[in-house]
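Read the structure below first, then the notes.
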Amino acid sequence: MKMIYDLIVIGAGPAGIASAYEAHKNGLKHVLLIEKAGENCQTFRTYYKDGKRVDKVYNKIDIPNIGNIPFEDGTKETSLELFNKFCDSGFEMMFSNEVEKIKQNDDILIVHTSKGEFKTKNAVISIGRMGKPNKPSYKLPSKLSKVINFNANDAKENEKILVVGGGNSAAEYAVDLSVKANVTLCYRKSTFTRLNDINLDNVYKAKMTLKMGIDIVEVNEVDNKPEVTYTNGEKEIFDRIIYGIGGSTPVDFLTNCGVEIDDKGVPTFDTNMQSNVKNIFVAGDIASKNGTSIISALNNAKTIADFITKA
Ligand SMILES: Cc1cc2nc3c(=O)[nH]c(=O)nc-3n(C[C@H](O)[C@H](O)[C@H](O)COP(=O)(O)OP(=O)(O)OC[C@H]3O[C@@H](n4cnc5c(N)ncnc54)[C@H](O)[C@@H]3O)c2cc1C
């Protein structure tokens, strides 16, 4: 008979790596971490630019680390090094395998993946929210998909770039690009309320145009470039637009697993991060409305591991 795992963790970001590590450290023998990409930490690799500062206090979340992964302020590279190290600590890992759903069968959970089915007593869903970046409500011209982006990886020197958003990721994209490009940062609210102190300071010091308290109503194509129409009727043409407006909960995935979501699209869970489906837990960004922070993800993982191993 195929082995029944003690725990299968879905998604190898900070929450998933920490869930597998903490549970294994607490004595669970058969732990499997499944990642859909060929490498771990896809949010870091896709959305953090090389050399990015990674802050321990993020999204105004300033809480102690209750877990055993010693995450501190650093860079994209030091953070990846840390999480790579903890992937190599005794539990089983499987890459390039996308989990489709989890189904309950009596007391056992069946994890359906692109590489077949796996049985487990417990599962942690830690797939983040960035697999599906948020898109604006207006339609974007499909012809311009190369210059309308959801991260800053393709931006080029001297381009006229519009960064849209008022959170830390939009601020970081705008500040970094302002050194080499002509940047405008557009935020629909008149003040930044979600930026940490460093990003707030950097935004005001950087050489960029701030368009605050103004939104975008449409984007059209003019001579192969995006033309933006603002709520005040003004129009402006850019070489590139970068949206840094977060990611949405993978509602379909959760629904397919039978996990309830509230009216904000967030899964419901108890103090042990257990969803309405017994033995299915949620950790990290997926367990929040606007995304959380690495420390919250690590703390969710420790809470779950402690609960599973004493149950
Ligand atoms: C631009 C930017 C800057 C940020 N800067 C900071 C910072 O300085 N400090 C900080 O604390 N936080 C920061 N954050 C937030 C931080 O990155 C997240 O809070 C953290 O990555 C959440 O971890 P997670 O494990 O929940 O999800 P993720 O890191 O998103 O990991 C989810 C993993 O699950 C995998 N996956 C998805 N679907 C499936 C599936 N069906 N099957 C298998 N695998 C799947 C993905 O490929 C991915 O590897 C930043 C975020 C962004 C976007």
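Atoms within a ligand are numbered from 1 in the order they appear, just like the ligands themselves. None of these values were measured; they are calculated from a predicted model.
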Any side-chain heavy-atom pair from [X] and [Y] closer than 4.5 angstrom?
X: Lys180; Y: Lys156; answer: no
X: Pro250; Y: Ile286; answer: yes
X: Asn279; Y: Gln274; answer: yes
X: Pro14; Y: Phe83; answer: yes

Between [X] and ligand 1, does any nitrogen or oxygen pair lie at a separation below 3.5 Å?
X: Tyr173; result: no
X: Ile295; result: no
X: Phe44; result: no
X: Arg129; result: no
X: Phe253; result: no
X: Gln42; result: yes
X: Ile286; result: no
X: Asp285; result: yes
X: Ser169; result: no

Is the closest side-chain donor-acceptor distance between [X] and [Y] under 3.5 Å?
X: Asn122; Y: Asp6; value: no
X: Arg194; Y: Asn199; value: no
X: Ser293; Y: Ser296; value: yes
X: Arg45; Y: Asn40; value: yes
X: Asn68; Y: Glu22; value: yes
X: Asp215; Y: Thr231; value: no

Output the list of atoms in ligand 1 that are nearer than 4.0 Å to some heavy atom of [X], sorted by atom number.
X: Ile10; answer: 42 (N), 43 (C)
X: Tyr47; answer: 1 (C), 53 (C)
X: Ile34; answer: 43 (C), 44 (N)
X: Val54; answer: 7 (C), 8 (O), 9 (N)
X: Thr292; answer: 19 (O)
X: Gly128; answer: 27 (O), 30 (O), 32 (C)
X: Glu98; answer: 41 (N), 42 (N)
X: Gly284; answer: 26 (O)

Are Lys101 and Phe253 in a cation-pi contact, defined as NZ or CZ under 6.0 Å from the six-membered ring centre and within 45° of the axis?
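No; the conditions do not both hold, so Lys101 does not lie above the ring face of Phe253.
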
Heavy-atom nearest neighbour in the protein, as seen from [atom], with distance rounded to 0.1 Å:
atom: atom 9 (N) of ligand 1; value: Asp55 O, 2.7 Å
atom: atom 41 (N) of ligand 1; value: Val99 O, 3.0 Å
atom: atom 2 (C) of ligand 1; value: Tyr48 CE1, 3.6 Å
atom: atom 30 (O) of ligand 1; value: Thr43 OG1, 2.5 Å
atom: atom 38 (N) of ligand 1; value: Ile127 CB, 3.4 Å
atom: atom 5 (N) of ligand 1; value: Lys52 NZ, 3.0 Å
atom: atom 23 (O) of ligand 1; value: Pro14 CD, 3.5 Å
atom: atom 11 (O) of ligand 1; value: Ile294 N, 2.9 Å

If a pair satisfies salt bridge (Lys or Arg N to Asp or Glu O under 4.0 Å) and one of its residues is in residues 260-272, list it, with sequence neighbours excluded.
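Listed by first then second residue: nothing to list.
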
Going by the salt bridge (Lys or Arg N to Asp or Glu O under 4.0 Å) test, which pairs reach into residues 227-236, not counting sequence neighbours?
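Non-adjacent pairs meeting salt bridge (Lys or Arg N to Asp or Glu O under 4.0 Å): Lys160-Glu236, Lys211-Glu234.
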
Measure the spacing between NZ of Lys121 and CD1 of Ile308 and express it to the nearest 0.5 Å.
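Rounded to the nearest 0.5 Å, the NZ-CD1 separation comes out at 11.0 Å.
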
Please round to the nearest 0.5 Å and tell me the distance separating atom SG of Cys186 and atom CE of Met212.
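With rounding to 0.5 Å, SG (Cys186) is 9.0 Å from CE (Met212).
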
Heavy-atom contact check, 4.0 Å cutoff: does [X] meet ligand 1?
X: Gly291; answer: no
X: Glu100; answer: no
X: Asn168; answer: no

Is it true that a side-chain atom of Thr78 and a backbone atom of Gly74 form a donor plus acceptor pair closer than 3.5 Å?
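It does not hold such a pair.
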
Option with minimal heavy-atom separation from [atom], where the choices are [options]:
atom: atom 4 (C) of ligand 1; options: Phe150, Tyr58, Phe71, Phe83; answer: Tyr58
atom: atom 47 (O) of ligand 1; options: Lys132, Glu35, Lys36; answer: Glu35
atom: atom 31 (O) of ligand 1; options: Gly11, Gly16, Ala12, Gly13; answer: Gly13

Can you tell me which portion of Ser126 lies within the under-4.0 Å heavy-atom range of ligand 1? Options are side chain, backbone, both, or neither.
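Just the backbone.
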
Please walk me through it: do Tyr48 and Glu172 pass side-chain hydrogen bond (donor to acceptor under 3.5 Å, both in side chains)?
CA-CA 9 Å; Tyr48 291 14; Glu172 288 179 11; over 6 Å; no

Can you check whether Tyr187 and Phe192 have ring centres sitting under 6.0 Å from each other?
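Ring-ring flag for Tyr187/Phe192: true, centres closer than 6.0 Å.
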
